[in-house]
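Numbering of residues begins at 1 and proceeds along the displayed sequence. Quantities reported herein were computed from a predicted structural model and do not represent experimental measurements.
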Amino acid sequence: MNKIILALDTTNLAEAINIAKKVKNKIFTIKLGLEFFNAHGKEGVRKFNEIGITNLLLDLKLKDIPETVYKAIKALNDIKFGFLTIHGQGGKAMIKKAKKAADEINSQPKIMIVTILTALNDQDLKAMGNKGSVVEQVKSLAKFAKEMDVGIVCSGQESKIVREIIGPNLLIFTPGIRMKDDNKNDQQRVCTPEESIKNGASKIIMGRSLIKGNIEDNIDKVSNS
């Protein structure tokens, strides 16, 4: 099964759907983030459902008090998607309520906890007053994910350590994926597709590196590497 999750972080619904139609049989699924969801909401998600994509990664990175997160997920009952991100730093009670809500809605999506955003590095964490390095904090959250039986979102740089902690069965999705000669853009902790998969990632999340140029050729290149 293809390991690519295509990130369509855009407000252009027509363009997003056209791209999805072209490549849906070449990828695992589509990631829709806050930019898309704030522009088009659940109606936008339904457009993907209409073309047969029902295992979407809905990347909302929820983090709030447990009951609010529970109700927010329950409000997604009438759309079809396969995965939902929440922040691991929201704590055990929040994750438990997120899992409960996910089990109660029609799609029953798998909860994926976000560790440390790939746009951050050790210096950023220090500036925010956080103790410990990125790796130390990711390791702590990986132990948390194993305890809570949820998937994890982390950089491909940390996926080897995470895989060692959580074992072979839980999912690891890795954003911040770039080809060797690509610009990092707003990312700090990047990794190539090959490195990320070798390090234990279940799926790789890619957007800009694939969409520039001929997307179908780019996907084929990554899939065959």
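Residues Thr174 and Ser196 have side chains that bring a donor and an acceptor to within less than 3.5 angstrom of each other. With 3.5 Å as the limit, one finds a donor-acceptor pair spanning the side chains of Thr192 and Glu195. Under the 3.5 Å distance criterion, with hydrogens and angles disregarded, no donor-acceptor pair is assigned to the side chains of Asn49 and Thr54.
The two residues Lys146 and Ile166 have their closest heavy-atom pair at CD-CA, 4.0 Å. Of all heavy-atom pairs spanning Leu56 and Phe81, the tightest one is O-CB, 3.6 Å. Pairing each heavy atom of Ala142 with each of Ile152, the nearest pair is CA-CD1, 3.5 Å. In terms of heavy atoms, Val150 sits closest to Lys99 at CG1-CD, 3.5 Å. The minimum heavy-atom distance linking Val153 with Thr115 is given by the pair O-OG1, 2.8 Å. Closest non-hydrogen pair, Ala20 versus Ile53, comes out as CB-CD1, 3.9 Å.
Between Lys31 and Asp9 there is a salt bridge, with a side-chain nitrogen of the basic residue lying less than 4.0 Å from a carboxylate oxygen of the acidic one. Using a cut-off of 4.0 Å between Lys/Arg side-chain N and Asp/Glu carboxylate O, Lys139 and Glu158 are scored as not salt-bridged. A salt bridge links Lys74 with Glu104: the closest approach of a Lys/Arg side-chain nitrogen to an acidic carboxylate oxygen falls below 4.0 angstrom.
Looking at Asn77, its side chain never comes within 3.5 Å of a backbone N or O of Ile105 through a donor-acceptor pair. A donor-acceptor pair is defined here as one N or O able to donate and one able to accept, closer than 3.5 Å; such a pair exists between the side chain of Glu136 and the backbone of Ser133.
Between Ile4 and Leu210 there is a side-chain heavy-atom pair separated by less than 4.5 Å. Side-chain contact between Met206 and Leu6: absent, with no pair of heavy atoms (C-beta onward) separated by less than 4.5 Å. Ile211 is listed as a side-chain neighbour of Leu8, based on a closest heavy-atom distance under 4.5 Å. With a 4.5 Å cut-off on side-chain heavy atoms, Ile5 and Ile204 do not count as touching.
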**OP:** Take Phe48 and Ile30 through the side-chain contact (heavy atoms from CB on, under 4.5 Å) test and state the conclusion after the steps.
**Re:** CA-CA 9 Å; Phe48 285 90; Ile30 299 286; 4.1 Å; yes
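Because its NZ or CZ atom is both nearer than 6.0 Å to the ring centre of Tyr70 and within 45° of the ring axis, Lys97 counts as a cation-pi partner of that residue.
Remark: Glu147 CD to Ile95 CD1 distance equals 9.0 Å, nearest 0.5 Å. Between Ser202 atom OG and Phe28 atom CZ the span is 9.0 Å, to the nearest 0.5 Å. Here the CG-CG distance, from Leu76 to Leu84, works out to 6.5 Å after rounding to the nearest 0.5 Å.
Around NZ of Lys42, the count of heavy atoms belonging to other residues, nucleotides or ligands within 6.0 Å exceeds 12. For Lys24, the NZ atom counts as densely surrounded, since its 6.0 Å shell holds more than 12 non-hydrogen atoms of other residues, nucleotides or ligands.
Taking the six-membered ring for Trp and the full ring otherwise, the centers of Phe83 and Phe173 sit less than 6.0 Å from each other.
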